[in-house]
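What follows is a short report on a single structure.
Only a predicted model underlies this, so the values are computations on that prediction, with no experimental measurement involved. In each ligand, atom 1 is the first atom listed, and ligand 1 is the first ligand listed. Values below: all heavy atoms of this structure, side chains included; hydrogens, waters and symmetry mates excluded.
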Amino acid sequence: MNSIAIIGASLAGLRAAETFRREGFDATIHLVGDEPHAPYDRPPLSKQILAGDWEIEKAWLAKPEKYDELALETHYGVAATGLDVGGLAVSLDSGTTLAVDGIVIATGARCRTIGEPLAGVFTLRTLDDAIGIRAAFDAAPDRVVVVGAGFIGAEVAATARELGLDVTMVEMATAPFERSMGAEMGAVLADIHREHDVDLRLGVGVSGFTGDDAVTGVDLTDGTHIAADVVIVGVGVIPNTEWLTESGLDITNGVLCDDTTLVAPGVVAAGDVARWHNRHFDETMRVEHWDNAITMGTHAAKRLLHGESAGAYTPTPWFWSDQYDRKIQLAGRTTGFDRFELVNGDVESRTFAGIYGRGGRIVAVLGFNRPRHVMRYRALIDSGASFDDALAADI
Ligand SMILES: Cc1cc2nc3c(=O)[nH]c(=O)nc-3n(C[C@H](O)[C@H](O)[C@H](O)COP(=O)(O)OP(=O)(O)OC[C@H]3O[C@@H](n4cnc5c(N)ncnc54)[C@H](O)[C@@H]3O)c2cc1C
C-alpha cells in the first residue's frame, strides 16, 4: 500500500492516522477535512469552552509538532464530494482527485436543525458554534431556551445555569436521556436539573420560533409560548454521508460496514458516521460517542493494513456526560433492557451505580459520580457475565 486518504479530520480520522504510523505505514497519508481547523476535541465545547474555563488551544487534539511527526498531507477547509469505490478515488471540492490504495471514511455527523436559520438560534457541533454561543451568553440574554434534553441540550443547560443564566429546557420525551438510560433514571436527571432551577418542560415538542430579524421566543406544540433571546437546539445528529450518495454504498443511517469495519475492498469507516453489526451485543449500531471514535478509528486502520486478522470490532460502547457536579457514565447498551437494579449508593444522594440486564445477561451499567463501578461492571459486560452473577459480584 502506497497511499491512504482519511476523509474527516477529527477524532476518528486522527486516531486512524496515528495508528497507521504506529503500525509502521510510512507512505503518504492524506487527511481531508472540510472545517478550516486542525482536529479538535468536541466534548469541551459544551463544557469547559462554553463555560469560559478553557482557552481554545486546550481543545486541539494534537500539538503542531505531532503533525510533523505524523507527516500527514493535510487538506483543511476541503470537502470530499464523491467516492469511486472500485477505483479507490476521492474527489474533492478543490477540483483535485485523490487516487489512493486505501480510504478511511470518518466524516462524522452534523446537527439536525428546526426551521429556517434565524439569528439567536444555535446548534452545537463545531468550535465556531461554541464560540458563537459563548458570545451570545456573554451578551447576558434574559432567557435561554434549550430544545432537546439529550447530551448537548442537558450539558448546555447545565453550563448556562452555572453562568447564572435563566434556562428553560424543552424535551419531547418524558425525561432527559430517556433513550439511553430509561425513564426511571432519566427522571433522576430531570430532578437534578430542576434542583438547579432549570424550567423543564417535558413531553412537549417545538412547533416553531418567533422573531423576524432575531429569535424572540419558542412556540410549543401544547400551544404555550416561551420568550427567548437565545435558543440552542440539540435534537440529534445526521451522519455526513451526502458525499457518498453516488458511490453505491449503503448509507442508510450512516455508512454500513461489516463487523470488522470494512465497507468495501480498500475502504473502511469509523466513528459517528459508521454503522456496523456489533457481535458482542448482536446489534447493528451507530455510536455517537468519543470513546468509540477512538477505538473504531484505531481498529479500522488496522483492518485496512492487516486485513481480516484485525478481527471483528466488538466494543462495549461507553460515554460520559458532565452536568453540574455530576459525572454521568453509561457503558453498554440499554436497548430493550428487561431488568435494572441499583448496585451502589442511592438515588437521593445523586451518587449511585445501577446495572441493566437483557435476557439474563448484564448489558449496561450507569453511574452518577461512580467511575470505578462503571469500569468494573463494564468488564463484566465485556466478559458476557450473567445479570445474577453481576448482582452477586463483590464490586
Ligand atoms: C458539543 C459536544 C459534546 C460532546 N460531549 C461528549 C461527551 O461528553 N462524551 C462522549 O462520549 N461524547 C461526546 N461527544 C461526541 C463526540 O465528540 C463524537 O462522538 C466524536 O467527535 C465523533 O468523532 P468523529 O471523528 O467520528 O466525527 P466528527 O467529530 O463529527 O468529525 C467528522 C469531521 O469530518 C468533517 N466532514 C464531514 N463531511 C466531510 C466531507 N464531505 N469532506 C471532508 N470532511 C468532512 C466534519 O466537518 C468533521 O470535522 C460530544 C459531541 C459534541 C458535539
Where the closest heavy atom to [atom] is concerned, which of [options] has it?
| atom | options | result |
| --- | --- | --- |
| atom 9 (N) of ligand 1 | Trp320, Phe319, Tyr76 | Trp320 |
| atom 5 (N) of ligand 1 | Lys47, Met296, His37 | Lys47 |
| atom 53 (C) of ligand 1 | Asp129, Val287, Leu45, Leu124 | Leu124 |

Can you tell me the protein heavy atom closest to [atom] and the distance?
| atom | result |
| --- | --- |
| atom 21 (O) of ligand 1 | Arg42 CD, 3.6 Å |
| atom 26 (O) of ligand 1 | Asp272 N, 2.9 Å |
| atom 41 (N) of ligand 1 | Ala80 O, 3.1 Å |
| atom 37 (C) of ligand 1 | Thr107 O, 3.2 Å |
| atom 47 (O) of ligand 1 | Asp34 OD1, 2.5 Å |
| atom 14 (N) of ligand 1 | Pro43 CG, 4.2 Å |
| atom 3 (C) of ligand 1 | Ser46 OG, 3.4 Å |
| atom 11 (O) of ligand 1 | Trp290 N, 3.2 Å |

What atoms of ligand 1 come closer than 4.0 angstrom to any heavy atom of [X]?
| X | value |
| --- | --- |
| Ala109 | 30 (O) |
| Asn240 | 37 (C), 38 (N) |
| Gly271 | 26 (O) |
| Gly8 | 34 (O) |
| Ala293 | 22 (C), 23 (O) |
| Ser10 | 25 (O), 28 (P), 29 (O), 31 (O), 32 (C), 33 (C) |

Flag the pair [X] / [Y] as yes when at least one side-chain heavy-atom distance between them is below 4.5 Å, and no otherwise.
| X | Y | result |
| --- | --- | --- |
| Asp34 | Val78 | no |
| Val146 | Val167 | yes |
| Val374 | Trp318 | yes |

What part of [X], side chain from CB on, backbone N/CA/C/O, both or neither, has a heavy atom under 4.0 Å from ligand 1?
| X | answer |
| --- | --- |
| Phe151 | side chain |
| Ala130 | neither |
| Val78 | backbone |
| Glu155 | side chain |
| Glu288 | backbone |

Give me the ring orientation class for [X] and [Y]: parallel if the planes are under 30° apart, tilted from 30 to 60°, perpendicular past 60°.
| X | Y | answer |
| --- | --- | --- |
| Phe177 | Phe319 | tilted |
| His193 | Tyr324 | perpendicular |
| Tyr377 | His373 | parallel |
| His289 | Phe151 | tilted |

Testing the 3.5 Å rule here: is there a donor-acceptor pair between the side chains of [X] and [Y]?
| X | Y | result |
| --- | --- | --- |
| Asp250 | Thr252 | yes |
| Trp243 | Thr107 | yes |
| Thr126 | Asp128 | no |
| Asp259 | His277 | no |
| Thr316 | Arg378 | no |
| Arg143 | Thr168 | yes |

Inset, instruction - Look only at interatomic distance and state if Asp291 has a nitrogen or oxygen under 3.5 Å from any nitrogen or oxygen of ligand 1. - result: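 By distance alone, the answer is no.
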
Legend entry - Reference residue Tyr313; test side-chain hydrogen bond (donor to acceptor under 3.5 Å, both in side chains); the match among Thr261, Asn292, Asp258: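 Among the candidates, only Asn292 passes.
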
